[in-house]
Amino acid sequence: MKTRIKTLLADKPLGAQVAFAGWVRTRRDAGAFSFLEVGDGSSLANLQVIADSALGNYDSDIKALSTGCAVIVEGEVKASPAKGQEIEVLASRVEVVGWADPARYPLQKKRHSLEFLREISHLRPRTNVIGAVGRVRSYLGFAVHRFFQERGFVQVHTPIITTSDCEGAGEMFQVTSGGAPGKGEHFFGRPAGLTVSGQLQAEVYAMALGDVYTFGPTFRAENSNTSRHLAEFWMIEPEMAFCDLQGNMAVAVEMLKFLLDDLLAGCAEDMKLFDSFVEKGLLDKLRGVVEHEFARITYSEAVERLLASGKTFTFPVAWGLDLQSEHERYLTEEVFARPLIVTDYPASIKPFYMRVNDDGKTVAAMDILVPGIGEIVGGSQREERHDVLLARMQEAGIAIDDYQWYLDLRLYGSAPHAGFGLGFERLLQFVTGMANIREVIPFPRTPGFAPC
RNA sequence: UCCUCGGUAGCUCAGUCGGUAGAGCAGGUGGCUGUUAACCACCCUGUCGGCGGUUCGAGUCCGUCCCGGGGAGCCA
C-alpha cells in the first residue's frame with residue numbers, strides 16, 4: 001500500500017513500515033550509505049531516504065541515481081538525527097522504476113530561470129515553484145466552486161464553441177470543420193468561434209435558475225504580448241437575477257476575501273514558498289486584503305483625484321476617456337494602497353449590455369483593481385429594459401438578428417440582474433506573486449507559442 | 001502591434017579597440033564526509049539565435065527575420 005509523502009510528513013509514523021513512490025531530487029553519498037531526497041508532488045517538502053550500502057542493488061542502482069529518477073521505496077520511518085528534517089526513512093528496498101540520464105535531463109538541482117522552464121513545459125511541474133503553482137491552482141479552483149455552491153449558485157457549462165461574439169471582448173478564434181463533408185461551408189450553418197466570454201449565455205440561465213456561475217476556458221485571438229495576457233485562459237463569471245450593482249460588488253468582495261482566506265489556510269506550505277522566494281511580503285499583502293475594506297470611488301471621482309494629484313501622466317486624464325494602466329496603478333497602489341473598486345463609468349467606453357444609469361451618461365459598471373496587477377474583476381448590472389438595450393445595441397452596430405435570443409430575455413419576464421468576470425490566472429498571479437501569467441497556467445498559449 | 005533591452009557550453013553569464021571564445025554551476029572520473037544547493041582534485045563541453053552584407057579577418061560593425069525580458073496598447 002503506497003502512502004503519499006505529504007501524509008507521511010504530517011503523520012510522522014515513527015517505527016512504521018511504509019511504502020511510497022516518487023522522484024529523486026538529489027542524492028548525496030556518505031561513507032556507508034546514501035541520502036536520497038524523494039518527492040512525489042503531494043507536497044513541497046521531500047522525504048529523506050537512507051539507502052544503506054548493504055542493500056542488494058546499492059552499487060548497481062542506488063549509486064547511479066540522479067535527479068529525476070523514479071523510485072519505489074519501502075522502509076521504516078525514523079526520527080532524523082540531523083537538522084533539516086524531522087523524519088526520514090531507513091530503506092529496506094529501493095526499486096528504480098524509471099531512469100533519467102543525468103547527461104541529458106534538463107533539470108538540475110539548481111534553480112532555473114522561469115523563462116528556461118517555460119521552454120520545457122512538460123518537465124517544469126517537477127520544480128518546486130511550478131509544482132507549488134499547480135497545487136495552489138487546483139486548490140483555488142475547487143475553492144471557487146465551494147464558494148458558489150455553498151451559497152446556492154448553480155454552475156452552468158456555457159458553450160466553448162459559439163456563434164455570438166461578446167462585444168468589446170476582443171478577437172475570436174474561428175472554428176471550422178476543415179472541409180469535413182456533409183455540412184457545407186459552415187459546420188454549424190454559420191460562422192462559429194471559440195468563446196470570448198460565457199456571460200451572455202450565463203444570463204440565460206440566471207433568468208431561469210436565479211444565481212448561476214460559469215468557470216471555464218476562454219479564448220482571445222488578440223496579438224497581446226504581455227505578462228498579463230493569454231490566448232487561452234480561465235474565467236469565473238457569476239450572474240445573479242434580481243441583483244443590482246451594489247449586490248454585485250458585495251458578492252465580488254466576499255468571494256475574493258473567501259478565496260484568499262481559504263488559500264492561506266489550505267496551502268500554507270506552498271504560500272510560504274511564494275512569500276520567501278517569489279514576492280517578499282506576499283502573505284502580509286493577502287492578509288491585508290482579507291482584513292480591510294476595499295476602497296470605493298466612482299469613475300468621476302477617480303478622474304477628479306487624478307486631475308488634482310499634480311502628477312504628470314503619459315496619457316491624458318479627462319472625463320469620458322478610459323482610465324489607463326498608469327492611472328489605475330496610481331490609484332490602487334499609491335492613493336489607496338489596497339484593492340479599489342471603481343464604479344459608474346461613462347456609457348461611451350463600456351459595452352452595450354451594461355445598465356444605463358439615471359443620469360443617462362454613465363453605466364452601472366464596476367472594476368476591481370488590485371496593486372501590482374491592475375484590473376482583476378470587471379462587472380456590471382445588466383440592462384434589463386428592452387427598449388434601452390435595443391437602442392444601445394443599434395448604437396453599437398450589433399447585428400440585432402443574431403441576438404434575438406438575448407433580447408428575448410428582456411421581452412419575457414425581464415428582471416434586474418448583474419454579474420462579473422474574474423480572470424482566474426490574474427487571481428493566481430495576485431496570490432502567488434508570479435510576475436508572468438505564463439507561469440500560473442500549466443500550458444500557456446500565447447501568440448506563436450503552443451508547443452504541446 | 002508599438003517602444004526598449006537582450007539571445008555566447010546543458011544552465012547562469014563574462015568576452016576590452018574587429019584578430020577564430022572563457023568562468024561558475026551541471027555532467028564524467030577519483031577521493032572524502034549523517035549529508036542538506038555537500039565538499040576536494042582532475043577531465044569533457046560551442047552552428048556565439050537564423051539568413052545576408054561590410055572587411056584580409058566578424059561573437060564584436062550594418063541590414064533583415066525569429067525568439068525572450070521589461071514597458072505600452074487591447075483586455076481578464
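Letters go in sequence order (proteins before strands), and every chain restarts at 1.
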Answer with yes or no after comparing the ring centroid distance for A:Phe147 and A:Phe153 against a 6.0 Å cut-off, counting only values under it.
no
Determine the stems involving RNA chain B; a stem requires 3 or more consecutive pairs of the Watson-Crick or G-U wobble kind, each with both distances below 3.5 Å, and the answer is none if no such run exists.
B:1-7 with B:66-72, B:10-13 with B:22-25, B:27-31 with B:39-43, B:49-53 with B:61-65
Reading nucleotides 27-32 of chain B 5' to 3', which nucleotides get B (base under 4.0 Å from a protein heavy atom), which S (sugar-phosphate only), which -?
SS----
Side-chain donor-acceptor distances from residues 445-452 of chain A under 3.5 Å, at least two apart:
residue	atom	partner	partner atom	Å
A:Arg445	NE	A:Phe443	O	2.9
A:Arg445	NH1	A:Cys452	O	3.4
A:Arg445	NH2	A:Cys452	O	2.3

Contacts of type side-chain contact (heavy atoms from CB on, under 4.5 Å), residue A:Pro106, not counting sequence neighbours
A:Phe116, A:Ile120, A:Leu123
Contacts to RNA chain B from residues 321-347 of chain A, heavy-atom cutoff under 4.0 Å, which residues?
A:Gln324, A:Ser325, A:Arg329
State which residues pass salt bridge (charged side-chain N to carboxylate O under 4.0 Å, His left out) with A:Asp344; sequence neighbours excluded, sorted by chain then number.
none
Partner residues of A:Ser43 under the side-chain contact (heavy atoms from CB on, under 4.5 Å) criterion, sequence neighbours left out:
A:Ile5, A:Lys6, A:Leu9, A:Ala45, A:Glu269
Assess whether side-chain contact (heavy atoms from CB on, under 4.5 Å) is satisfied between A:Val89 and A:Ile50, documenting all intermediate values.
CA-CA 6 Å; A:Val89 170; A:Ile50 311 299; over 6 Å; no
RNA chain B contacts made by residues 119-130 of chain A, counting heavy atoms under 4.0 Å
none
List the residues meeting side-chain contact (heavy atoms from CB on, under 4.5 Å) with A:Lys12, not counting sequence neighbours, and say none if there are none.
A:Glu86, A:Ile87
Near RNA chain B, which residues from residues 12-24 of chain A have a heavy atom under 4.0 Å away?
none
Apply side-chain contact (heavy atoms from CB on, under 4.5 Å) to A:Glu439 and list each qualifying residue two or more places apart in sequence or on a separate chain.
A:Leu114, A:Arg118, A:Arg124, A:Ile130, A:Met434, A:Asn436
Listed pairs, N/O of protein and of nucleotides 3-8 of chain B, under 3.5 Å:
none

